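What follows is a single structure, written as structure tokens, with notes after it.
Both counts, for ligands and for their atoms, begin at 1 and track the order of listing. Because the structure is a prediction, the values reported are computed rather than measured.
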Amino acid sequence: MSLWGGRFATGPNESVVKLSRSVQFDWRLAPYDIRVNIAHVAGLKRAGVLNSEDADRITQALNELSQEVASGSFTYIESDEDVHSAIERGLVGKLGELGGALRAGRSRNDLVVTDFKLYLVDHLLEVAQETLELVTTLDTAASSHIGVIAPGFTHLQHAQPILFSHELAKHSHALLRDIDRMKDWLTRNSVSPLGSGALAGSSLVPNPEIIAAELAFQGVTRNSIDAVSDRDFVAEALFIFAMLGVHLSRIGEEFTIWNTQEFGWVTLDDAFSTGSSIMPQKKNPDIAELARGKAGRFIGNLTSLLVTLKGLPFAYNRDLQEDKEPIFDSVEELLVLLPAVRGMIATAGFNSTAISKGVLDGHALATEIADFLVRNGLPFAQAHEISGKAVALAESRGQEVHELTDIEFAGIDKRLTSELRSVLSAQAALDSRTSINGTSSKSVTTQLAQLDTKIRGYSSWIASERKRFSGMMGA
Ligand code: ARG
């Protein structure tokens with residue numbers, strides 16, 4: 001069904017229909033479109049544009065349509081241009097001419113932004129929930145490996161000993177920032193564009209504030225031209241998804257490495273691994289690799305929207321129709337990826353012996369020697385130099401620095417006394433790192449407890465927002 005045509009002598013060419021048609025992807029907006037229409041009809045009724053009886057009949061038909069869309073008994077057809085025209089077709093099918101009455105006072109330009117915002121609120125909360133479940137899984141793994149010491153890496157070279165729990169929990173912190181960005185998005189973008197009309201505002205619905213409140217927005221946009229042009233909220237969401245994707249890619253990379261024969265730190269469950277079509281012995285970490293690989297498309301989705309927006313004139317331009325598919329793709333891929341990554345981690349076996357095995361390799365205690373000298377009054381630059389000499393000597397012997405004898409240490413510098421020995425163990429190195437962000441067991445235990453509190457906070461926030469949203473949607 002076409003929403004326009006009065007001034008045209010002919011209908012659009014077939015290629016134009018094909019090019020401009022968006023219903024095959026924007027049908028995902030149908031439940032939100034219906035909900036926004038219901039709020040709009042109430043606005044038209046309040047404004048006296050629709051009499052009570054007509055408004056009630058339209059609302060009733062929209063409610064029926066909502067059920068039919070949910071059950072799949074009403075869906076789009078070949079001749080529908082977009083979700084808005086498909087829903088109006090459904091309404092006209094039920095009410096005849098009256099079905100066209102709800103178009104008064106608004107345009108698809110403000111309608112589509114409102115629908116899309118509601119879709120994003122709904123799905124950001126779902127992605128936030130899935131992300132939080134992954135954080136919880138990482139946290140459980142971190143809490144149950146608190147005693148395991150691991151080599152910590154910089155430049156993928158052994159650097160300093162750390163607790164393996166510290167290593168696992170770092171991902172939780174990154175992912176919680178993603179959730180925090182979602183929360184921030186929901187606060188900043190909770191303004192309704194409805195009432196902006198095509199671009200100049202609406203003369204028929206004087207109080208968009210009431211409609212906004214009904215749709216659970218905190219307020220109304222204050223410039224109608226900006227409101228129909230603004231896709232910052234889409235770009236911000238795509239950035240959040242891209243950043244989350246990048247975090248997942250780093251988890252993927254780490255598990256791929258840990259799963260190698262050379263590392264052997266992690267054994268993936270059969271249900272979360274894949275085989276090879278030619279090599280019968282193979283068990284591959286494809287989930288971790290897909291987590292690494294999917295980041296490319298999440299970043300691509302963000303890039304594609306930003307390029308579409310660059311230099312675009314204000315108010316509505318049809319280019320803006322290109323805003324939806326990147327979001328649908330990122331949301332749907334994340335909702336498949338997040339549970340798979342969570343399952344991979346929840347079922348993974350961590351091999352403590354292999355993890356701790358090389359903890360002192362690569363002269364991992366060299367910093368302890370420098371710190372020992374600093375504690376005894378030496379400037380760090382000198383301490384660094386002396387420790388470096390000890391490393392060079394050990395290296396020339398094919399040894400690790402902590403394997404030098406007391407006499408050899410004293411030969412390098414007399415301040416390297418036998419007391420040095422007390423700091424030369426992985427445990428001592430860990431125990432000394434007691435700052436609030438450090439890797440000592442005490443610090444890590446406190447950090448995990450703090451994470452737990454944060455998780456519970458986000459969990460109840462997500463639950464209450466989802467409840468509020470589904471209440472608004474009438475679920
Ligand atoms: N399908 C369109 C979109 O997603 C809806 C808005 C159409 N507005 C217009 N003036 N043609 O952007």
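We find that D323 and R231 are joined by a salt bridge, their nearest charged nitrogen and carboxylate oxygen being less than 4.0 Å apart.
Nearest protein heavy-atom contact of atom 7 (C) of ligand 1 is Y316 OH, 3.6 Å. When only non-hydrogen protein atoms are considered, atom 2 (C) of ligand 1 lies nearest to Q321 OE1, 3.3 Å. For atom 11 (N) of ligand 1, the nearest protein heavy atom (residue, atom name, distance) is R108 NH2, 3.6 Å.
Nearest residue to atom 10 (N) of ligand 1 from V23, D110, N109 is N109 (criterion: closest heavy atom).
Proximity of a side-chain donor or acceptor of T260 to a complementary backbone N or O of I257 within less than 3.5 Å is detected.
Taking the six-membered ring where the residue is Trp, F153 and H158 present perpendicular rings, their angle passing 60° and hence far from 30°.
Listed by number with element, the atoms of ligand 1 under 4.0 Å from a non-hydrogen atom of D82 are 1 (N), 2 (C), 5 (C). Residue V112 approaches ligand 1 through these ligand atoms, each under 4.0 Å from one of its heavy atoms: 4 (O). Within ligand 1, the atoms closer than 4.0 Å to a non-hydrogen atom of S22 are 1 (N), numbered from 1 in the order shown. In summary, the atoms of ligand 1 found under 4.0 Å from a heavy atom of K324, numbered by their order in the structure, are 3 (C), 4 (O), 12 (O).
The neighbour count for Q321 CD, taken as heavy atoms of other residues, nucleotides or ligands under 6.0 Å away, is above 12.
The cationic group of K117 lies under 6.0 Å from the six-membered ring centre of F233 and within 45° of the ring axis, placing it in a cation-pi geometry.
A donor and an acceptor atom, one from each side chain of D286 and T274, are located under 3.5 Å apart.
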